[in-house]
Amino acid sequence: MTKNPDGKMAEPPTMSDVARRAGVSAMTVSRALKEGSHVSKATRERIAQAINELGYVLDQSAGSLSSRRTGFVAAIIPSINNSNFSDTARGITDALEGTGLQLLLGYTNYSVDREEELIEAMLKRRPEGIILTGGSHTPRGRRMLEQAGIPVIETWDRPAQPIDKVVGFSNGEAMELLVETLAGKGYQRFGYIGGTTSRDTRGSQRRAGFVRALERLGLPSDRVISFGVPPISMEQGAQAVVNMLERWPDTQVVLCVSDLSAFGALMECQRRGLKVPDDIAIAGFGDYEIAACCHPRMTTVNVDCYGIGRQAALKLTQTIQAAAEPPEPITVTGFRVVEREST
């Protein structure tokens with residue numbers, strides 16, 4: 001988030017700023033932003049370029065201009081049917097209780113382009129702060145956030161170049177810990193199941209952590225199956241483990257990008273008469289409720305999804321309220337391996 005030399009948040013760019021950048025009047029900018037306007041194509045292109053360069057977002061919250069207060073904060077998560085992100089949203093909501101702030105929630109379906117659309121739509125209504133999942137955004141999305149003049153909290157990640165503040169952990173390091181824990185139990189032939197694209201950057205980081213840990217241990221790291229577009233479903237996890245065993249039948253333990261895909265893999269192994277963990281071990285990531293309820297119960301990584309949301313919301317409200325002691329810019333949240341019967 002852009003700040004002035006005195007450390008205060010800079011004001012977001014205005015229509016007048018766009019007009020100056022494009023070399024036209026503010027009225028021309030206003031007309032160009034309306035559908036069916038008669039502004040020339042060349043002028044509209046100059047205005048569009050200025051908007052993109054400045055990260056300008058049209059303010060549709062005219063009723064709140066005098067107080068600059070809108071009474072809500074925004075949060076963007078990848079999925080609403082993923083219990084991990086539902087827990088994060090619940091943590092945000094619980095932390096906002098009693099603050100007078102309401103939550104506006106949007107989901108991206110793991111698409112940064114969709115995230116960009118949501119950022120623009122939400123900023124048009126001038127939220128008092130915004131919470132994001134992950135640190136990977138489109139260039140335009142990042143510019144809009146940097147110029148918004150409101151607190152921005154990135155979660156579930158530790159981005160190398162944070163926009164403002166961070167509440168998260170290293171997905172790669174969490175997966176490395178899982179590999180090291182299982183290697184300590186004697187496993188040597190590891191497999192990994194993840195998605196086919198880089199849409200889920202946290203999944204890509206987990207796969208990179210898997211490879212790093214095995215290379216550091218001097219163990220083979222090439223048993224990787226990329227199957228399905230994130231988020232990986234139970235069915236896709238089941239199909240992926242079949243592919244894994246067809247290619248590497250001597251695999252001892254399979255690590256999955258999430259508990260859902262791990263559950264699918266576990267069920268498929270049982271359907272095929274393979275005993276878990278005697279014939280093959282299975283581990284997931286996220287510590288979903290299903291991991292503790294399936295049979296055998298599943299080894300996984302707990303990342304405190306609820307706590308991430310709660311801490312993010314607390315950091316956001318402290319910043320909005322200009323607390324005497326502003327919160328630290330980066331909060332590193334914990335993770336731990338939960339060992340159960342599947343390994």
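In this text, all values refer to a predicted model and were calculated from it rather than measured experimentally.
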Next on the checklist: Over 60° means perpendicular and under 30° means parallel, so tell me whether Phe210 and Tyr192 are parallel, tilted or perpendicular.
Outcome noted: tilted
Item to check | Whether Phe285 and Phe169 hold their rings parallel, tilted or perpendicular, with breakpoints at 30° and 60° | outcome: parallel
Item to check | Worked check of salt bridge (Lys or Arg N to Asp or Glu O under 4.0 Å) between Arg340 and Asp287 | outcome: CA-CA 11 Å; Arg340 298 192 179 108; Asp287 201 13; 3.1 Å; yes
Hey, could you give me the [atom1]/[atom2] distance between [X] and [Y], rounded to the nearest 0.5 Å?
{"X": "Ile308", "Y": "Ile153", "atom1": "CD1", "atom2": "CD1", "value": "13.0 Å"}
{"X": "Asn84", "Y": "Leu260", "atom1": "CG", "atom2": "CG", "value": "8.0 Å"}
{"X": "Tyr288", "Y": "Cys294", "atom1": "OH", "atom2": "SG", "value": "13.5 Å"}
{"X": "Ser226", "Y": "Ile193", "atom1": "OG", "atom2": "CD1", "value": "10.0 Å"}
{"X": "Thr14", "Y": "Gln147", "atom1": "OG1", "atom2": "CD", "value": "11.5 Å"}

Checking [X] side chain against [Y] main chain: does a donor-acceptor pair fall under 3.5 Å?
{"X": "Thr138", "Y": "Val112", "answer": "no"}
{"X": "Thr331", "Y": "Val167", "answer": "no"}
{"X": "Thr43", "Y": "Val39", "answer": "no"}
{"X": "Ser261", "Y": "Met234", "answer": "no"}
{"X": "Gln49", "Y": "Arg46", "answer": "no"}
{"X": "Glu246", "Y": "Val241", "answer": "no"}
{"X": "Asn82", "Y": "Ser79", "answer": "no"}
{"X": "Arg142", "Y": "His137", "answer": "no"}
{"X": "Lys315", "Y": "Glu328", "answer": "yes"}
{"X": "Ser30", "Y": "Ala26", "answer": "no"}

Using a strict cut-off of less than 4.0 Å between a Lys/Arg side-chain nitrogen and an Asp/Glu carboxylate oxygen, indicate whether [X] and [Y] qualify as a salt bridge.
{"X": "Glu120", "Y": "Arg140", "value": "yes"}
{"X": "Arg199", "Y": "Asp113", "value": "no"}
{"X": "Glu215", "Y": "Arg212", "value": "no"}

Checklist entry - Would Met175 and Val257 satisfy side chain to side chain contact (heavy atoms under 4.5 Å, CB included), going step by step from the backbone distance to the final call? => result CA-CA 9 Å; Met175 183 58 75; Val257 69; over 6 Å; no
Taking every non-hydrogen atom, the tightest pair across [X] and [Y]:
{"X": "Thr70", "Y": "Glu128", "value": "N-OE2, 3.2 Å"}
{"X": "Tyr107", "Y": "Leu118", "value": "O-CD1, 3.4 Å"}
{"X": "Ile282", "Y": "Ala265", "value": "CD1-CB, 4.3 Å"}
{"X": "Asp157", "Y": "Val166", "value": "O-CG1, 3.4 Å"}
{"X": "Gln318", "Y": "Pro327", "value": "OE1-CB, 3.3 Å"}
{"X": "Asp259", "Y": "Gly286", "value": "OD2-C, 3.6 Å"}

With a 4.5 Å heavy-atom cut-off, do [X] and [Y] have their side chains touching?
{"X": "Leu103", "Y": "Val73", "result": "yes"}
{"X": "Asp164", "Y": "Pro151", "result": "yes"}
{"X": "Tyr56", "Y": "Met144", "result": "no"}
{"X": "Leu132", "Y": "Thr155", "result": "no"}
{"X": "Phe227", "Y": "Ile232", "result": "no"}
{"X": "Lys165", "Y": "Thr319", "result": "yes"}
{"X": "Tyr110", "Y": "Val229", "result": "no"}
{"X": "Trp156", "Y": "Phe85", "result": "yes"}

Checklist entry - So which of Asp250, Val253, Val254, Leu219 actually passes side chain to side chain contact (heavy atoms under 4.5 Å, CB included) with Arg189? => result Asp250
Cluster overlap [X] with [Y], hydrophobic side-chain contacts below 4.5 Å:
{"X": "Val224", "Y": "Met244", "value": "no"}
{"X": "Val303", "Y": "Leu314", "value": "no"}
{"X": "Val301", "Y": "Leu177", "value": "yes"}
{"X": "Met122", "Y": "Val152", "value": "yes"}
{"X": "Leu96", "Y": "Ile80", "value": "yes"}

Item to check | Atom CD of Gln102 with >12 non-hydrogen neighbours under 6.0 angstrom | outcome: no
Checklist entry - Should we say atom CD of Glu117 is surrounded by more than 12 heavy atoms from elsewhere, each under 6.0 Å from it? => result yes
Checklist entry - Going through the checks in order, is the salt bridge (Lys or Arg N to Asp or Glu O under 4.0 Å) test met by Glu53 and Arg21? => result CA-CA 9 Å; Glu53 291 173 351; Arg21 177 68 67 96; 2.7 Å; yes
Item to check | Evaluation steps, side chain to side chain contact (heavy atoms under 4.5 Å, CB included), between Thr133 and Thr88 | outcome: CA-CA 10 Å; Thr133 304; Thr88 296; 6.0 Å; no
Item to check | Qualifying residue, where the test is side chain to side chain donor-acceptor pair (under 3.5 Å) with Asn171 and the options are Arg206, Arg202, Glu176, Arg158 | outcome: Arg206
Checklist entry - Can you check salt bridge (Lys or Arg N to Asp or Glu O under 4.0 Å) on Glu180 and Arg216, steps first, answer last? => result CA-CA 10 Å; Glu180 291 165 356; Arg216 187 167 58 247; 2.4 Å; yes
Quick one: do the [X] and [Y] side chains pair a donor with an acceptor below 3.5 Å?
{"X": "Ser136", "Y": "Thr201", "result": "no"}
{"X": "Asn52", "Y": "Arg143", "result": "yes"}
{"X": "Thr28", "Y": "Ser25", "result": "yes"}

Checklist entry - Are Phe335 and Asn302 close enough, and set up right, to give a side chain to side chain contact (heavy atoms under 4.5 Å, CB included), and what steps lead you there? => result CA-CA 6 Å; Phe335 51 80; Asn302 180 290; over 6 Å; no
Next on the checklist: side chain to side chain contact (heavy atoms under 4.5 Å, CB included) for Leu123 and Ile150? Distances and angles first, verdict last.
Outcome noted: CA-CA 10 Å; Leu123 291 182; Ile150 59 174; 3.8 Å; yes
Checklist entry - Yes or no on salt bridge (Lys or Arg N to Asp or Glu O under 4.0 Å) for Lys185 and Glu339, after CA distance, side-chain angles and deciding distance? => result CA-CA 11 Å; Lys185 298 183 70 170; Glu339 292 191 65; 3.4 Å; yes
